Amino acid sequence: MSSNTQAIAAFVAEVVAKNPNEPEFHQAVHEVVHSVYPVVAANPAYREARILDRLVEPERVIMFRVPWLDDQGQFQINRGYRIEMNSAIGPYKGGLRLHPTVTLGVLKFLAFEQVLKNSLTTLSMGGGKGGSDFDPKGKSNNEVMRFCQSFMTELYRHIGPDTDVPAGDIGVGGREIGYLFGQYKRIANRFNGVLTGKGLSFGGSLLRPEATGYGAVYFAQEMLATRGQEVAGKVATVSGSGNVAQYTVEKLLHCGAKPITLSDSGGTILDEDGIDEEKLAWVMDLKNVRRGRISEYANRFPNARFLAGQRPWGVKCDLAFPSATQNEVDESDARALVANGCVCVSEGANMPTTPEGVEVFLAARILYGPGKAANAGGVSVSGLEMTQNAGVVGWPREEVDMRLQQIMKSIHANCVQYGEEDGFVNYVRGANIAGFVKVADAMLAQGCV
Ligand code: NDP
Ligand code: 2IT
């Protein structure tokens, strides 16, 4: 073992010992430390200032009770969290996730990834993440509203437009942000940009709903261009059927690609004819208004098949966009994608590929864009929403889209700068190092805080 390998193993072992029962956090830290350790080893100032030790320690963790009354008048109790991970380069920024699988460790992994992702965006945003183990599935609008109001009744004292600016993530979209904003304004007696992903009539930005999915496709375009290829004409598999998946399909259609799958936790729909604009509009209504299951697609469009309990990765494709959740692409999924001729994976979700799956993609030298680079379009437009709110202006859609495309190009260029080796771009290494250096230098400049 080289001395770096030993040092990395020792560092990760200490993180594991200090943060028991947080496997997703360990996984995220391991991947990043593996990439950035050589940079740290070569820079005595980083070592003396214990940058890595500070990076894995959240600046603040807030954990609270969220009591609410269901439609039957029964008491319900959930646990709420906000991880304020790192504010070296800006106020804490990152989404809120409402899902029964939410734990402290899941949110710490997401907050940790967010620090580096936000650094890559070129904007001034620190990293945070929050949420609750509340399950929005099967809840009425009024129950979701009462939950959001109770959640904000505690959270409001910790957030603010210059302090910590939450947004959406799994289970939190426009409806939830509306309820959260209403309660914040009521308690704080302030109308400001404390949340992003707001409705257009109360300070939201055009293109924020589309931004993550569009950005993941823009990132794929940049990756493909390095090999003289383009998105047009390619067959694409997409997982998930929520915000990110829907707008990934929309942008793929704009670019002339053929998306053929969507999924949810029940299984995958495969539509060999392609999911076109009309079918996508039906999916948006199903998921965002009627809040149904993706299996219904196969009833509505009989040429499509529902693959119960399956993920999309066994389906032959040129491009893959994992856009559901963490660890949804394992080693055998990655092998199947490569064997079927997939040339490019652009991650809309956060850490959707297991470490073993990542190894398969890197060994096959396909174009592999990790989430913290490929899905940074969402938080980037959140940053643009903050700028618009601060200036009390609203930019036209074309302007936001132009800025989003510029940011995705710049993230790609940064990944290439730090990740190119022997004519191959290792986007994992590139994204980790590029994100890290900016935060590390800011921490160095700010002293022992
Ligand atoms: P949504 O809640 O809109 O959609 C989530 C989708 O993923 C649903 O189809 C859901 O299916 C599926 N899913 C969630 N958990 C699981 C699971 N454990 N197993 C299988 N399927 C699952 O969330 P988003 O589209 O906003 O988020 C998707 C991913 O993108 C997440 O990883 C998120 O962190 C990431 N992301 C989101 C951004 C944003 O701007 N929204 C920005 C950057 C990244 P079901 O309904 O069955 O649960
Ligand atoms: O993972 C993410 O980047 C998000 N869920 C978006 C965060 C944000 O603040 O817009």
Side-chain angles (χ1 to χ4, degrees), residues 24 90-102 106-107 109-118 120-121 123 125-131 135-138 164-177 193-198 204-205 207-216 219 238-249 262-269 283-284 286-288 291-295 309-312 321-329 347-353 370-386:
E24 294 86 359
Y92 309 109
K93 181 82 197 88
L96 296 172
R97 177 176 291 192
L98 299 182
H99 196 272
T101 56
V102 162
V106 165
L107 294 178
F109 118 64
L110 288 162
F112 181 72
E113 291 283 289
Q114 199 81 45
V115 172
L116 300 166
K117 181 196 308 191
N118 293 3
L120 285 171
T121 65
L123 307 174
M125 298 181 289
K129 200 86 189 190
D135 186 357
K137 275 198 204 83
D164 184 354
V165 184
D169 193 77
I170 292 178
V172 176
R175 173 181 66 170
E176 291 74 19
I177 294 292
V194 68
L195 292 161
T196 60
K198 299 184 293 298
S205 174
L207 221 81
R208 176 61 189 89
E210 294 88 337
T212 311
Y214 280 21
F219 198 79
V238 180
S239 67
S241 47
N243 171 269
V244 179
Q246 291 168 17
Y247 288 104
T248 296
V249 168
L262 283 168
S263 71
D264 61 20
S265 49
T268 294
I269 55 103
V283 169
M284 288 182 172
L286 171 78
K287 284 297 190 180
N288 311 343
R291 298 187 186 270
R293 308 302 300 160
I294 202 66
S295 58
Q310 289 185 43
R311 305 191 282 219
F321 293 86
S323 311
T325 193
Q326 63 271 10
N327 293 328
E328 56 163 318
V329 182
E347 294 184 340
N350 285 304
M351 204 170 75
T353 308
K372 69 170 72 66
N375 73 36
V379 74
S380 297
V381 174
S382 278
L384 301 179
E385 182 171 328
M386 290 164 69

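Computed from a prediction, not measured in an experiment: that's the story for all the values here. Atoms within each ligand, like the ligands themselves, are counted from 1 in listed order.
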Completion exercise
If we number the atoms of ligand 2 from 1 as shown, the ones under 4.0 Å from a heavy atom of A167 are 8 (C), 9 (O), 10 (O)

Handout entry: Subset of ligand 1 atoms that lie under 4.0 Å from at least one heavy atom of T325
Key = 15 (N), 16 (C), 17 (C), 18 (N), 19 (N), 32 (O)

Handout entry: Close N or O approach (D169, ligand 1; < 3.5 Å)
Key = yes

Fill in the blank from the handout: For R208, the atoms of ligand 2 under 4.0 Å from one of its heavy atoms are 6 (C), 8 (C), 10 (O)

Fill in the blank from the handout: One finds that the ligand 1 atoms under 4.0 Å from a non-hydrogen atom of A349 are 29 (C), 30 (O), 32 (O), 35 (C)

Practice task
Kindly give the heavy-atom pair with the smallest separation between T196 and I177, and that separation in Å.
Solution key: O-CD1, 3.8 Å

Problem - Option of least heavy-atom distance to atom 8 (C) of ligand 1 (set: P322, S241, G168) - result: S241

Problem - ligand 1 contacted by S323 (non-hydrogen, < 4.0 Å) - result: yes

Problem - Any N or O of K137 closer than 3.5 Å to N or O of ligand 1 - result: yes

Problem - Atoms in ligand 1 with a heavy atom of G171 nearer than 4.0 Å - result: 2 (O)

Problem - Under-4.0 Å heavy-atom contact with ligand 1, by part of T212 that carries it - result: side chain

Exercise for the section: Please state which part of R208 comes within less than 4.0 Å of ligand 1, counting heavy atoms only: side chain, backbone, both or neither. Expected result: side chain

Handout entry: Whether G95 lies under 4.0 Å from ligand 1, heavy atom
Key = no

Exercise for the section: Can you sort out which atoms of ligand 1 are near S263, meaning under 4.0 Å from one of its heavy atoms? Expected result: 9 (O)

Completion exercise
So the atoms of ligand 2 within less than 4.0 Å of a heavy atom of K129 turn out to be 1 (O), 2 (C), 4 (C), 5 (N)

Practice task
Would you mind running through ligand 2 and noting each atom that sits below 4.0 Å from a heavy atom of G168?
Solution key: 4 (C), 5 (N), 6 (C)

Exercise for the section: Could you tell me the residue and atom name of the protein heavy atom closest to atom 15 (N) of ligand 1, and the distance to it rounded to 0.1 Å? Expected result: H99 NE2, 3.4 Å

Practice task
Looking only at protein heavy atoms, identify the closest one to atom 36 (N) of ligand 1 and say how far it is in Å.
Solution key: G348 O, 3.7 Å

Problem - atom 10 (O) of ligand 2 [closest protein heavy-atom partner, distance rounded to 0.1 Å] - result: S382 OG, 2.5 Å

Handout entry: Heavy atom of the protein closest to atom 24 (P) of ligand 1 (residue, atom name, distance)
Key = V244 CG2, 3.9 Å

Problem - P352 and ligand 1 - part of the residue with a heavy-atom distance under 4.0 Å - result: neither

Practice task
Among all protein heavy atoms, pick out the one at the shortest distance from atom 4 (O) of ligand 1; state its residue, atom name and that distance to 0.1 Å.
Solution key: G242 CA, 3.3 Å

Exercise for the section: Look at E328 together with R311 and state whether they make a salt bridge at an N to O cut-off of under 4.0 Å. Expected result: no

Handout entry: Those atoms of ligand 1 less than 4.0 Å from some heavy atom in A324
Key = 7 (O), 12 (C), 28 (C), 29 (C), 31 (C), 32 (O)

Exercise for the section: For N350, take its heavy atoms, then give the atoms of ligand 1 lying under 4.0 Å from any of them. Expected result: 32 (O), 33 (C), 34 (O), 35 (C), 36 (N), 44 (C)

Problem - Atom indices of ligand 2 within 4.0 angstrom of K93 heavy atoms, with elements - result: 8 (C), 9 (O)

Practice task
List the closest protein heavy-atom neighbour of atom 11 (O) of ligand 1: residue, atom name, distance to the nearest 0.1 Å.
Solution key: D264 CB, 3.3 Å

Practice task
Answer with yes or no whether Q246 contacts ligand 1, where contact means a heavy atom under 4.0 Å from a ligand atom.
Solution key: no

Exercise for the section: For atom 27 (O) of ligand 1, find the nearest protein heavy atom and state the residue, atom name and distance (0.1 Å precision). Expected result: I170 CG1, 3.6 Å

Practice task
Around atom 47 (O) of ligand 1, find the nearest protein heavy atom and jot down its residue, atom name and distance.
Solution key: S265 OG, 2.4 Å

Exercise for the section: Give a yes/no on ligand 2: does R97 have at least one heavy atom closer than 4.0 angstrom to it? Expected result: no

Handout entry: Sub-4.0 Å atoms of ligand 1 with respect to non-hydrogen atoms of G240
Key = 9 (O)

Fill in the blank from the handout: When distances are taken from atom 3 (O) of ligand 2, the protein heavy atom at minimum range is K117 NZ, 2.7 Å

Practice task
Note the single closest protein heavy atom to atom 41 (N) of ligand 1, along with its residue, its atom name and the distance in Å.
Solution key: N243 OD1, 3.6 Å

Practice task
May I ask whether R97 has any heavy atom positioned less than 4.0 angstrom from an atom of ligand 1?
Solution key: yes

Completion exercise
protein heavy-atom neighbour closest to atom 7 (C) of ligand 2 works out as G95 N, 3.5 Å

Problem - Contact atoms of ligand 2, heavy-atom distance to G94 under 4.0 Å - result: 7 (C), 9 (O)

Handout entry: Side chain, backbone, both or neither: R293 near ligand 1, heavy atoms under 4.0 Å
Key = side chain

